[in-house]
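Numbering of ligands and ligand atoms starts at 1, following listing order.
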Amino acid sequence: MTGYLRLGVNIDHVATIRNARGGLHPDPVRAARLAAESGADGITAHLREDRRHISDDDIRRLKSDIALPLNLEMAATEEMIEIALATQPDHVCLVPEKRAELTTEGGLDVAAQHNLLAPVIRRLCDAGIRVSLFIDPDRVQVAVAEALGADCVELHTGTYCEVSDAGRDSQLARLKDAATEAVGRSLECHAGHGLSFDTVAPVAAIPELTELNIGHFLVGEAIFGGLDSSIRRMRALMDNARADASGQRSA
Ligand code: PXP
């Protein structure tokens with residue numbers, strides 16, 4: 001039977017709304033607490049160099065106040081490494097970061113940045129933090145991630161989500177291929193970026209995946225039905241896709 005698929009809820013855009021007015025509301029830590037009650041298995045937050053959404057204090061409070069595992073997304077810079085070492089999140093997910101981008105635009109080119117990433121991954125692993133690399137679904141990137149000693153890869157689902165219907169199947173095939181390669185190399189395999197109610201099921205059905213990280217859509221959908229409802233529906237879609245994939249769904 002296909003195993004359980006964890007849902008990591010990314011609460012960055014709760015902070016985006018808070019920061020639009022510069023106050024304290026809505027508090028992403030309160031959202032994380034609600035996410036835990038609604039079926040999230042972990043909390044993901046991206047501390048960007050420009051602090052456009054999540055703040056240093058949010059990360060400190062997420063770690064101290066929330067019982068769920070914390071997945072800290074960050075660029076491989078000295079400033080962020082020091083914050084990670086001080087905070088001790090359960091996972092660090094290394095992502096590429098460009099100042100002018102609206103969101104993380106592509107995966108980390110781990111093959112091109114091998115020499116920069118190797119000592120960063122070693123320092124984080126030596127501190128007992130599990131390291132994930134956010135990469136495009138590509139076998140070469142997966143192979144380099146293994147060579148670098150990462151524990152995990154997170155496959156970028158952005159292209160799969162954005163492509164027209166005609167291109168969906170080939171993008172899904174890329175995700176499946178990369179996930180197979182990752183598990184064959186004993187890497188834990190996650191996926192995320194851009195997933196919604198409409199796009200999640202085929203990804204959730206990939207048996208090699210153990211976690212999806214989803215944020216923007218869940219927070220946006222919360223405007224209409226509440227965060228609890230958006231997370232519960234996503235959780236149900238993921239569970240149903242898993243059950244269908246393994247022929248276990250009850251009628
Ligand atoms: N995974 C990673 C590595 C990301 O950078 C992001 C966006 O911060 C996500 C998942 C979640 O993407 P979205 O907010 O589009 O669901």
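Heavy-atom contacts of I214 reach the following atoms of ligand 1: 16 (O) (cutoff under 4.0 Å). For ligand 1 and V95, the ligand atoms under 4.0 Å from any heavy atom of the residue are 3 (C). Remark: ligand 1 atoms within the under-4.0 Å shell around heavy atoms of D12 are 8 (O).
Closest of all the heavy-atom pairs between H91 and S132 is CD2-CB, 4.3 Å. Heavy atoms only, all atoms of each residue included: H25 and R30 are closest at CE1-NH1, 4.2 Å. For the pair I54 and H46, the tightest heavy-atom approach, listed with the atom from each and the gap, is CB-O, 3.5 Å.
For ligand 1, the polar-atom distance check finds an N/O of G215 within less than 3.5 Å of one of the ligand's N/O atoms. An N or O contact shorter than 3.5 Å links G194 to ligand 1 by distance. Between N213 and ligand 1, no N or O atom pair is found at a separation short of 3.5 Å. Ligand 1 has no nitrogen or oxygen under 3.5 angstrom from a nitrogen or oxygen of H13. In terms of polar-atom proximity, E73 is counted as a contact of ligand 1, with an N or O under 3.5 Å from an N or O of the ligand.
Residue nearest to atom 1 (N) of ligand 1, selected from E154, R48, H193: E154 (by heavy-atom distance).
Between F197 and F217, the angle of the ring planes goes over 60°, which puts this pair in the perpendicular group of the 30/60° scheme.
In the hydrophobic clustering, I223 connects to F224, either directly or through intervening members, whenever side-chain heavy atoms lie under 4.5 Å apart.
Counting non-hydrogen atoms of neighbouring residues, nucleotides and ligands closer than 6.0 angstrom, the CG atom of L116 exceeds 12 such neighbours.
The closest donor-acceptor contact from the side chain of N213 to the backbone of G192 lies at 3.5 Å or more, if one exists at all.
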